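For reference, the structure is listed below as structure tokens.
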Amino acid sequence: MNNKVKIDLVKSGDFLEIAEIYNHYIQAGNATMDRSLKNRESIAKWVQDFSQRECLLVATEQEEVVGWGILKKYSDREGYRHAAEVSIYLKPKQTRKGLGSQIHENLIEKARLFDYYHLTAKIFADNQRSIQFFKSFGYRKVGIQHKIGMIDNQFLDMIILEKLIKE
């Protein structure tokens with residue numbers, strides 16, 4: 001793990017760098033179904049619309065955003081109040097350095113603080129690195145959503161993983 005990296009709640013000065021990281025994955029078409037590029041205002045709107053039990057964590061190294069993770073409600077329906085979804089995005093040159101693990105550990109701490117019990121990760125079925133990453137934290141595959149999304153006129157499958165954090 002990289003001790004020079006700080007993980008903290010997002011600040012408004014981080015919004016543009018978060019958008020830039022996310023836009024890389026939107027353009028690559030291999031990690032999000034989102035197709036609209038983001039800007040500072042897009043990320044500000046996300047954060048503004050968060051409930052008290054949602055957050056965006058930012059990993060910084062020498063004042064530069066190198067990755068981020070989000071913890072958001074699984075659904076607005078009251079019955080799902082103990083379920084959340086997590087996602088993590090890193091600058092491409094920051095992968096395989098333990099940074100994703102650091103962000104994920106902090107997201108789990110926040111999830112416990114926010115009284116979540118169940119975490120979900122939705123991952124493209126062909127993204128084996130991300131699937132293995134989440135499995136290394138004890139997530140288990142609960143299903144495949146076949147042809148749930150379309151990018152570049154191609155239907156894509158999504159793997160659903162879950163982790164119970166208060167057993």
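These figures come from a predicted structure and were not determined experimentally.
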Assign the ring pair F134 / Y139 to parallel, tilted or perpendicular, where the plane angle (0 to 90°) is split at 30° and 60°.
perpendicular

For A44, side-chain contact (heavy atoms from CB on, under 4.5 Å) partners two or more places apart:
F15

Those residues that, when tested against A84, pass side-chain contact (heavy atoms from CB on, under 4.5 Å) (two or more places apart)
L71, Y116, L119

Starting from Y80, walk the hydrophobic network (Ile, Leu, Val, Met, Phe, Trp, Tyr; side-chain heavy atoms closer than 4.5 Å) and list everyone else you reach, by chain and number.
Y74

Contacts satisfying side-chain hydrogen bond (donor to acceptor under 3.5 Å, both in side chains) that involve residues 142-156 (not counting sequence neighbours) are none

OG1 (T120) and CG (L161) are apart, to the nearest 0.5 Å, by 9.0 Å

Applying side chain to side chain donor-acceptor pair (under 3.5 Å), name anything that partners S75, two or more places apart in sequence or on another chain.
none

Among all residues two or more places apart in sequence or in another chain, which pass the side-chain contact (heavy atoms from CB on, under 4.5 Å) test with H24?
P92

R129 side chain to R96 main-chain N or O, any donor-acceptor pair under 3.5 Å?
no

Could you check whether the rings of W68 and W46 sit parallel, tilted or perpendicular, using 30° and 60° as the cut-offs?
tilted

Which other residues end up in the same hydrophobic cluster as L156, if Ile, Leu, Val, Met, Phe, Trp and Tyr are linked when side-chain heavy atoms come under 4.5 Å apart?
M33, F124, V142, I148, I151, M158, I160

Residues that E64 engages under side chain to side chain donor-acceptor pair (under 3.5 Å), provided they are two or more places apart:
K91

Other hydrophobic cluster members with M150, side-chain heavy atoms of Ile/Leu/Val/Met/Phe/Trp/Tyr under 4.5 Å, chained?
F155

Give a yes or no on whether a salt bridge exists between R112 and E109, defined as a side-chain N under 4.0 angstrom from a carboxylate O.
no

Check: Y117 side chain, R81 main-chain N or O, donor-acceptor pair, under 3.5 Å
no

Applying side-chain hydrogen bond (donor to acceptor under 3.5 Å, both in side chains) as the test, list every pair that has at least one member in residues 8-19; sequence neighbours left out.
none

By side-chain contact (heavy atoms from CB on, under 4.5 Å), S42 pairs with (sequence neighbours left out) K38, N39

What's the separation between atom CG in L9 and atom CG in N106, rounded to the nearest 0.5 Å?
9.5 Å

Not counting sequence neighbours, which residues clear side chain to side chain donor-acceptor pair (under 3.5 Å) with R140? List them please.
E162

